[in-house]
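Can you keep this structure in mind? I'll have questions shortly.
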Amino acid sequence: MIPKSKVLIIAGSDSSGGAGIQADIKTVSALGCYAMTAITAVTVQNTTGVKSIIPIEPKEISNQIEFTARDIKPNAIKIGMLDSAKVISAVMQSSKKIDIKKIVLDPVMVAKGGTKLINNEAIDVIKKKLMKKILLITPNIPEAELLTNTKINSLNDMIKAGQLLINLGAKNVLIKGGHLKSNEIKDILLNKKIIKIFKNKKYKSKNTHGTGCTLSSAIATNLSCGKDLIKSCEQGIKYVNEAIKSNLNYGKGNGPINHLNSITINKKFK
């Protein structure tokens, strides 16, 4: 297979392989595209939680983005963990220099185990500056609550939070509904013109580590191939749901999802 497009991932690492840069690379590759990276932080973690976070200097993050893109220009960008206002500023400046319009932001704020991965100043910069510069932001319910200072307990609350983010300057918002108690997952895509609800069966599993990273990377990959926003979200959600359905059960905590669910191994490599 020849890669269909190129995606630059700007995010933190996950030593256990289930989330972050590692999950992003797997996702882009599993969907038939070429992944490049700019690492914003190195995390020491496993399925039970985060042990430590080692930030990368903003200048070196910028160098990774610009030096890589100068040689191999990406068709889309996925942004994940940005742990400080200085890092966000560096990423914004470098993204502007390489001039890519298809940018998906997964506002990684809290790890599955509850560890906060971002400070309040950085949250403020995301709300006031970064959100306005990207095509799509993909918060889950806790992240949407942090960004809007509201409580989300229902589908209507999700819509209201999405509209608040649009009013703050976001162009498109996909709020993920996996945290609501229901037999069905409802994810909502909003902009100034549409409200699109994606409904899917909810698979009961504790092994959902990396779903947010994976979904945003899948959407960015679909966008990089020329699919429109609604189709990119729909296909990305399907990919993640199938990955959860596998229920790998690796590790003692919240295990990873199966990024290989879309791959069939060629006979010559079996």
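Values reported hereafter were calculated over all heavy atoms of this structure, with side chains retained and with hydrogens, waters and symmetry mates removed.
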Could you walk me through whether I194 and I230 pass side chain to side chain contact (heavy atoms under 4.5 Å, CB included), step by step?
CA-CA 10 Å; I194 66 159; I230 292 176; 4.0 Å; yes
Straight-line distance of I56 CD1 to S62 OG, nearest 0.5 Å
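Rounded to the nearest 0.5 Å, the CD1-OG separation comes out at 12.5 Å.
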Do you know which two heavy atoms are closest between H209 and A19, and how far apart they sit?
NE2-CB, 3.7 Å
Any donor and acceptor pair, going by atom type alone, linking the side chain of T47 with main-chain N or O of K252 inside 3.5 Å?
yes
Treating Ile, Leu, Val, Met, Phe, Trp and Tyr as nodes and any side-chain heavy-atom pair under 4.5 angstrom as an edge, say whether L130 and I65 lie in one connected cluster.
yes
Is V7 close to P74 at the side-chain level, that is, under 4.5 Å between some pair of heavy atoms?
no
Please determine whether the number of non-hydrogen atoms from other residues, nucleotides or ligands lying under 6.0 Å from atom OH of Y250 exceeds 12.
no
Would you say the side-chain atoms of T40 pair up with the backbone N or O of G12, donor to acceptor, closer than 3.5 Å?
yes
Determine, for D157 against K151, whether the closest basic-nitrogen to carboxylate-oxygen distance falls under 4.0 angstrom.
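No salt bridge links D157 with K151.
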OG of S89 to CD1 of I61: how many Å apart, nearest 0.5 Å?
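So the gap between those two atoms works out to 11.0 Å.
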Inspect the contact between D106 and K176 and indicate whether a charged nitrogen and a carboxylate oxygen are less than 4.0 angstrom apart.
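Salt bridge between K176 and D106, a charged N being under 4.0 Å from a carboxylate O: yes.
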Are the side chains of E184 and K202 in contact, using a 4.5 Å heavy-atom criterion?
no
Check whether any side-chain heavy atom of I21 sits under 4.5 Å from a side-chain heavy atom of I25, and report yes or no.
yes
Using the test side-chain hydrogen bond (donor to acceptor under 3.5 Å, both in side chains), find all partners of N191 that sit at least two apart in sequence or belong to another chain.
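With sequence neighbours excluded, N191 shows a side-chain hydrogen bond (donor to acceptor under 3.5 Å, both in side chains) to N172, given in chain and number order.
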Examine distances only and state if a side-chain atom of E143 and a backbone atom of N140 form a donor-acceptor pair shorter than 3.5 Å.
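Yes; judged by distance alone, with no hydrogens or angles, the pair exists.
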When you compare the side chain of K4 with that of Y34, does any pair of heavy atoms fall below 4.5 Å?
no
So does S95 get a backbone contact from the side chain of K133, meaning a donor-acceptor N/O pair under 3.5 Å?
no
Hydrogens and angles aside, do K78 and S216 bring a side-chain donor and acceptor to less than 3.5 Å of each other?
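Judged by distance alone, the side chains do pair up.
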Pairing residues for E121 by the side-chain hydrogen bond (donor to acceptor under 3.5 Å, both in side chains) criterion, not counting sequence neighbours:
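Applying side-chain hydrogen bond (donor to acceptor under 3.5 Å, both in side chains) to E121 gives none.
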Say whether, by atom type as modelled, one donor and one acceptor occur between the side chain of N266 and the main chain of F269 under 3.5 angstrom.
no
Listed partners of N183 passing side-chain contact (heavy atoms from CB on, under 4.5 Å), at least two apart
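N183 satisfies side-chain contact (heavy atoms from CB on, under 4.5 Å) with K204 only.
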Could you tell me if D24 and S217 have a donor-acceptor pair between their side chains, going purely by distance under 3.5 Å?
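Per modelled atom types, S217 and D24 side chains form a pair under 3.5 Å.
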Suppose the criterion is salt bridge (Lys or Arg N to Asp or Glu O under 4.0 Å): which pairs have a residue in residues 58-73, not counting sequence neighbours?
E66-K97
Would you say I103 and I219 are hydrophobically clustered, going by side-chain heavy atoms of ILVMFWY under 4.5 Å?
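No, I103 does not connect to I219 through the hydrophobic network.
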Does M158 form a side chain to side chain contact (heavy atoms under 4.5 Å, CB included) with I141? I'd like the steps, not just the answer.
CA-CA 8 Å; M158 288 171 68; I141 285 173; 4.2 Å; yes
In short, I152 meets L180 closest at the heavy-atom pair O-CD2, 4.2 Å
Looking only at side chains, do Q45 and T43 share a donor and an acceptor under 3.5 Å apart?
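Judged by distance alone, the side chains do pair up.
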Value rounded to 0.5 Å, distance of NZ in K6 from CG in N75:
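Between atom NZ of K6 and atom CG of N75 there are 5.0 Å.
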If only side-chain N and O atoms count, and only distance matters, is there a donor-acceptor pair under 3.5 Å linking N156 with S154?
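There is no such pair between these side chains.
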Side-chain contact, heavy-atom cut-off 4.5 Å: I53 with V42?
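Not in contact.
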Nearest non-hydrogen partners of D83 and P55, listed with the distance
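Here D83 and P55 meet closest at OD2-CB, 3.5 Å.
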For the hydrophobic clusters of this structure (ILVMFWY residues joined by side-chain heavy atoms under 4.5 Å, transitively), does one cluster hold both L248 and I257?
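No; tracing contacts between hydrophobic side chains, which count when under 4.5 Å, never links both residues.
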I159 side, atom CD1; Q163 side, atom CD - distance, nearest 0.5 Å:
7.0 Å
Heavy atoms of I244 and S205 approach each other most closely as CG2-CB, 4.3 Å
Mark yes when over 12 heavy atoms from residues, nucleotides or ligands other than I72 sit less than 6.0 Å from its CD1; otherwise mark no.
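Atom CD1 in I72 is crowded, with more than 12 foreign heavy atoms closer than 6.0 Å.
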Check side-chain hydrogen bond (donor to acceptor under 3.5 Å, both in side chains) between N241 and all other residues, then give those that pass, not counting sequence neighbours.
none
Would you check if the side chain of S262 reaches a backbone N or O of A30 as a donor-acceptor pair within less than 3.5 Å?
yes
Determine yes or no for a side-chain-to-main-chain donor-acceptor pair under 3.5 angstrom, with Y239 supplying the side chain and T214 the backbone.
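Not confirmed, Y239 side chain does not pair with T214 backbone.
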Short side-chain donor-acceptor distance under 3.5 Å, N258 and S246:
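Yes - a donor-acceptor pair under 3.5 Å links their side chains.
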Strictly distance-based, threshold 3.5 Å: is any side-chain N or O of S182 a donor or acceptor partner for the main-chain N or O of I185?
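No; judged by distance alone, with no hydrogens or angles, the pair does not exist.
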For a 4.5 angstrom cut-off between non-hydrogen side-chain atoms, does L147 reach I137?
yes
Tell me every residue that passes side-chain hydrogen bond (donor to acceptor under 3.5 Å, both in side chains) with S16, counting only those two or more places apart in sequence or in another chain.
D14
Verify same cluster id: L223, F198 (apolar side-chain graph, 4.5 Å):
yes
Could you check whether any side-chain heavy atom of I9 comes within less than 4.5 Å of a side-chain heavy atom of M36, counting everything from C-beta outward?
no
Are side-chain heavy atoms of N222 and K231 found at a separation under 4.5 Å?
no
Using the side chain to side chain contact (heavy atoms under 4.5 Å, CB included) rule, take K206 and T208 through it: C-alpha gap first, then chi angles, then the decisive distance, then the call.
CA-CA 6 Å; K206 71 178 178 67; T208 56; over 6 Å; no
Between the CD atom in E145 and the CD1 atom in I175, the distance rounded to the nearest 0.5 Å is 9.5 Å
Would you please test L105 and L136 for side chain to side chain contact (heavy atoms under 4.5 Å, CB included) and show each step?
CA-CA 6 Å; L105 169 66; L136 174 70; over 6 Å; no
Distance in Å, I134 CD1 paired with I100 CD1, rounded so as to fall on 0.5 Å steps:
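Output value for this atom pair is 14.5 Å.
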Same cluster (ILVMFWY, side-chain, under 4.5 Å), L215 and L165:
no
Of all the heavy-atom pairs spanning A23 and G18, show the shortest one and how long it is.
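Scanning both residues, the minimum pair turns out to be CB-O, 3.3 Å.
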Does K238 pair with E242 as a salt bridge, N-O distance under 4.0 Å?
no
Which heavy atom in G20 sits nearest to a heavy atom in C213, and how many Å separate them?
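So the minimum-distance heavy-atom pair works out to N-SG, 3.3 Å.
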